[in-house]
Amino acid sequence: MLHTPVLLNEVLEYLDPKPGDKIIDATFGFGGHSLAMAGKVGTGGRILGIEATEELYKKAVESKKDNLILINDNFINLEKIAQENDFNNANGILFDLGISSWHFEGSGKGFSFQKDEPLNMNISSYLEIPNHNLQNTNKTAEGIVNEYSAEDLTRIFKEYGEERFAGPIAEAIIRSRKNKTIKTTFELVEIIRNTVPGWYQHRRIHFATKIFQALRVETNNELENLKSALKQSEQVLKKGGRLAVISFHSLEDRIVKNFLRDGKKDGKWEILTKKPIVPGREEIINNPRSRSAKLRVAELI
């Protein structure tokens with residue numbers, strides 16, 4: 001599958017990998033960013049790629065370069081992974097928080113509302129790592145939809161999806177699951193379709209988008225994991241090391257923005273991007289997935 005890394009030139013410019021550097025790619029995916037950085041750090045440098053999804057990790061191992069170390073784990077364990085692989089005092093850390101197109105198109109785990117698949121959405125559920133401290137390994141979207149209370153469903157739909165019809169959709173899910181367990185994406189989409197007004201179904205954004213986003217965030221504990229990993233980056237980077245984060249929705253970007261703003265107040269970070277870097281018109285045309293990307297970069301001081 002052809003994969004185009006988002007904001008690649010900007011990441012290379014701001015992280016500025018040099019021969020001999022140690023760089024951590026905390027969200028390896030298909031390795032587009034890592035492979036480009038591996039060429040910059042040379043044989044004397046090293047890239048540590050962390051990938052939570054076992055299938056993507058296995059694909060990555062097949063094309064691994066000599067100066068690239070790959071780990072099948074989640075960035076919630078960033079500090080531990082860095083210690084175990086001699087990556088303390090790293091020169092740079094990259095987080096590309098977007099879910100790869102493979103998860104939507106090839107995982108079969110219900111990330112897309114356009115395919116009829118089991119409601120799973122767990123990015124890390126195939127991890128086979130002893131002693132890793134993930135709290136969400138066995139959580140699935142199906143479990144959330146069928147077990148959470150109306151109040152909790154409403155909360156996550158509002159907080160993580162910013163869904164204006166969160167309450168009615170939650171109530172409709174409760175009613176539907178009394179008759180039978182909601183197991184597939186299309187079953188959930190139909191419940192949403194039958195709940196929201198007609199005009200809401202004909203907007204530019206698909207009417208199920210925000211509910212699916214909210215379920216994915218809750219299933220994988222994405223926002224709390226991000227907060228923890230950002231904090232851990234302060235222990236992993238060397239002084240003068242750089243942190244680059246690409247986010248794809250406002251909830252993630254707000255967390256990164258607030259983390260760096262508070263870090264600047266505390267004298268820990270110098271923010272290098274006063275405003276987030278966004279893709280240019282040409283990149284968006286060539287890679288529509290990049291359109292919502294925002295890159296923020298800071299240096300540990």
Side-chain angles (χ1 to χ4, degrees), residues 1-6 8 11 17 22-41 43 45-87 90 92-112 114-142 185 216-217 219-222 225-226 229 232 236 246 248 287 289:
M1 180 185 295
L2 182 64
H3 173 71
T4 306
V6 172
L8 176 60
V11 166
K22 296 193 294 188
I23 309 285
I24 299 173
D25 184 345
T27 49
F28 186 84
F30 284 96
H33 292 108
S34 281
L35 294 174
M37 292 189 291
K40 299 283 187 181
V41 303
T43 55
R46 291 182 297 151
I47 305 293
L48 175 62
I50 303 170
E51 176 51 51
T53 302
E54 187 182 34
E55 294 94 327
L56 292 185
Y57 167 77
K58 287 179 176 177
K59 290 176 188 291
V61 168
E62 294 171 2
S63 57
K64 191 174 84 66
K65 289 192 173 184
D66 290 341
N67 62 349
L68 177 61
I69 299 165
L70 288 171
I71 302 296
N72 185 200
D73 204 335
N74 188 294
F75 63 58
I76 185 66
N77 298 317
L78 177 63
E79 193 172 356
K80 174 173 169 281
I81 296 166
Q83 288 173 351
E84 290 175 349
N85 293 277
D86 190 27
F87 264 78
I93 301 174
L94 170 66
F95 291 88
D96 177 359
L97 302 173
I99 300 297
S100 79
S101 55
W102 176 86
H103 283 97
F104 291 99
E105 296 164 11
S107 72
K109 298 177 76 172
F111 288 97
S112 173
Q114 295 177 324
K115 293 187 170 193
D116 194 15
E117 296 175 343
L119 273 172
N120 185 310
M121 297 196 196
N122 192 308
I123 291 170
S124 304
S125 61
Y126 296 146
L127 284 174
E128 296 176 0
I129 302 167
N131 304 321
H132 70 76
N133 63 12
L134 276 176
Q135 300 300 309
N136 62 299
T137 304
N138 297 315
K139 192 185 288 187
T140 65
E142 180 185 330
T185 53
R216 193 197 78 219
V217 169
T219 299
N220 296 287
N221 204 29
E222 290 180 17
N225 286 359
L226 174 59
Q232 291 175 59
V236 174
I246 302 172
F248 286 83
N287 182 14
R289 175 181 166 271

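Across all their heavy atoms, Asp86 and Arg46 have their closest contact at O-NH2, 2.9 Å. Closest of all the heavy-atom pairs between Phe95 and Phe75 is CE2-CG, 3.7 Å. When all heavy atoms of Leu78 and Gln232 are compared, the pair lying nearest together is N-OE1, 3.2 Å. Heavy-atom minimum distance, Tyr57 versus Glu51: N-CG, 3.7 Å. Across Ala82 and Val236, no two heavy atoms sit closer than the pair CB-CG1, 3.7 Å. Scanning both residues, Lys139 and Asn122, for their nearest heavy atoms gives O-ND2, 2.6 Å.
With rounding to the nearest 0.5 angstrom, the OG1 atom of Thr27 is 5.5 Å from the CG atom of Leu94. Once rounded to the nearest 0.5 Å, the distance linking CG of Asn72 with CD of Glu55 reads 9.0 Å. From Ile24, atom CD1 reaches atom CE of Met37 across 10.0 Å, with rounding to the nearest 0.5 Å. To the nearest 0.5 Å, atoms CG (Asn120) and CD (Glu142) are separated by 8.5 Å. Note that the CD atom of Glu117 and the CZ atom of Phe111 stand 9.5 Å from one another [nearest 0.5 Å]. In this structure, CD1 in Ile69 is found 12.0 Å from CD1 in Ile81, a value given to the nearest 0.5 Å.
With hydrogens and angles disregarded, no donor-acceptor distance shorter than 3.5 Å links the side chain of His103 to the backbone of Ser112. Formation of a donor-acceptor pair under 3.5 Å by the Lys115 side chain with backbone atoms of Gly108 is not found in this model.
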* **Evaluation steps, side-chain contact (heavy atoms from CB on, under 4.5 Å), between Leu48 and Asp25** => CA-CA 6 Å; Leu48 175 62; Asp25 184 345; over 6 Å; no

* Intermediate values then yes/no, side-chain contact (heavy atoms from CB on, under 4.5 Å), Asn220 and Asn225 -> CA-CA 8 Å; Asn220 296 287; Asn225 286 359; 5.7 Å; no

* Starting from the C-alpha separation in whole Å, work towards a yes-or-no answer on side-chain contact (heavy atoms from CB on, under 4.5 Å) for Glu222 and Leu97. => CA-CA 9 Å; Glu222 290 180 17; Leu97 302 173; over 6 Å; no

* Just do the side-chain contact (heavy atoms from CB on, under 4.5 Å) check on Ile99 and Phe248 with the steps written out, would you? => CA-CA 9 Å; Ile99 300 297; Phe248 286 83; over 6 Å; no

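Residues satisfying the side-chain contact (heavy atoms from CB on, under 4.5 Å) criterion with Glu84, sequence neighbours excluded, are Lys80. Qualifying side-chain contact (heavy atoms from CB on, under 4.5 Å) partners for Leu35, counting only residues two or more places apart in sequence or in other chains: Lys65, Leu68.
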